[in-house]
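See below for the structure under consideration.
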Amino acid sequence: MTEAQNMLLVDGYNMIGSWPELSELANIGMQEARDRLLERLADFQAFSGWKVIAVFDAYQVPGLGKAFKQRNVQIYFTKEKETADECIERLVGELSRRRRQIYVATSDMIEQHVIFGQGALRLSARELLTMLEQNERELQSKIDEEIRGHSRNTLAGKLSPEAKLLFERWRREK
């Protein structure tokens, strides 16, 4: 799967509200929940090669209409009076002309009926969580395999699993 073929658009606050881990973090602070979601999406992007776009309704953050990149995940905060669903619909319209396979992760299937009619594929919050968990297991398996392949006398053998995970993330982001 190459970046040019697969794209994932994520309705950020839908995922935060749907995943128990993120809902609990949102109770502490919305920024922590957004950061955790973006961290998991960045790991998925780095490992899978898919282009990932996360869309958030800007009414919950200052600075309407912002778009920026963080750890190779494109992040959109919607414009004033624009919902995440409307922003995703606009993005799918723009991106579908480039003949990519577009997946949309949302729990608002009814509000996204137009984009699914245009050929985008829906991922429910649970399906996306399952994909991310599978991605994390594969990444951990790769790291564990590399650990077993190195003796304690090599530099790689002396690194902690956390350091190896960090290096693997950096390697995949380049």
Side-chain angles (χ1 to χ4, degrees), residues 1-22 25 31-58 66-78 82-109 111-146 162 164-174:
M1 295 181 207
T2 64
E3 184 175 280
Q5 294 175 334
N6 294 301
M7 291 194 87
L8 173 63
L9 280 79
V10 178
D11 187 330
Y13 290 130
N14 273 189
M15 298 308 111
I16 290 171
S18 298
W19 298 353
E21 169 198 3
L22 298 180
L25 282 175
Q31 187 62 45
E32 287 83 6
R34 275 193 305 268
D35 288 345
R36 178 67 180 133
L37 173 63
L38 294 172
E39 177 183 307
R40 291 185 84 177
L41 291 173
D43 286 346
F44 174 77
Q45 185 284 324
F47 194 72
S48 69
W50 290 26
K51 182 172 181 173
V52 178
I53 299 173
V55 179
F56 296 95
D57 288 312
K66 281 182 162 180
F68 58 95
K69 207 169 199 173
Q70 178 179 321
R71 290 187 63 206
N72 288 334
V73 173
Q74 188 70 37
I75 302 164
Y76 284 84
F77 287 103
T78 62
E82 180 183 44
T83 67
D85 297 311
E86 292 167 338
C87 182
I88 290 171
E89 186 175 320
R90 179 174 46 82
L91 289 170
V92 168
E94 293 169 6
L95 297 168
S96 63
R97 291 183 220 129
R98 298 182 189 154
R99 301 201 188 277
R100 294 179 169 157
Q101 187 61 59
I102 301 172
Y103 295 84
V104 177
T106 181
S107 59
D108 295 337
M109 184 173 171
E111 293 182 23
Q112 293 292 352
H113 69 279
V114 171
I115 62 168
F116 300 129
Q118 293 173 343
L121 300 173
R122 178 179 184 260
L123 287 174
S124 69
R126 179 173 291 165
E127 289 169 324
L128 178 59
L129 182 58
T130 301
M131 278 178 60
L132 295 179
E133 288 171 345
Q134 176 65 28
N135 178 72
E136 290 162 359
R137 283 191 297 274
E138 289 174 11
L139 182 58
Q140 189 60 51
S141 173
K142 181 173 175 36
I143 290 170
D144 292 344
E145 184 178 302
E146 288 180 9
E162 293 81 14
K164 288 181 180 180
L165 178 62
L166 183 61
F167 282 127
E168 180 64 20
R169 284 179 182 160
W170 287 343
R171 185 182 75 78
R172 293 193 180 278
E173 287 178 3
K174 293 194 177 219

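Excluded from the calculations below are hydrogen atoms, water molecules and symmetry mates; all remaining heavy atoms, backbone and side chain alike, are included.
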Over all heavy atoms of both residues, which pair between Leu8 and Ala105 is shortest? Give the atoms and the distance, please. CD1-CB, 4.2 Å

Under the side chain to side chain donor-acceptor pair (under 3.5 Å) test, residues paired with Glu32 that sit two or more places apart: none

Counterpart residues, salt bridge (Lys or Arg N to Asp or Glu O under 4.0 Å), relative to Glu21 (two or more places apart): Arg36, Arg40

Run the ring-ring contact (aromatic ring centres under 6.0 Å, His included) test against Tyr76 and tell me which residues pass, sequence neighbours left out. none

Which word best sums up how the rings of Trp50 and Tyr103 line up, parallel for under 30°, tilted for 30 to 60°, or perpendicular for over 60°? parallel

Quick check for you: to the nearest 0.5 Å, what is the distance between Leu25 atom CG and Ile16 atom CD1? 9.0 Å

With Glu82 via side chain to side chain donor-acceptor pair (under 3.5 Å) - residues at least two apart: Arg90

Mind checking what makes salt bridge (Lys or Arg N to Asp or Glu O under 4.0 Å) contact with Arg126, not counting sequence neighbours? none

Taking all atoms of both residues into account, what is the closest heavy-atom pair of Thr83 and Thr78, and its distance? O-CG2, 3.6 Å

So, for Asn135 and Ser48, which heavy atoms are closest and what is the spacing to 0.1 Å? OD1-N, 4.4 Å

List for me each residue that meets side chain to side chain donor-acceptor pair (under 3.5 Å) alongside Thr130, sequence neighbours excluded, and say none if there are none. none

So, Gln140 versus Glu136: side-chain donor-acceptor pair below 3.5 Å or not? no

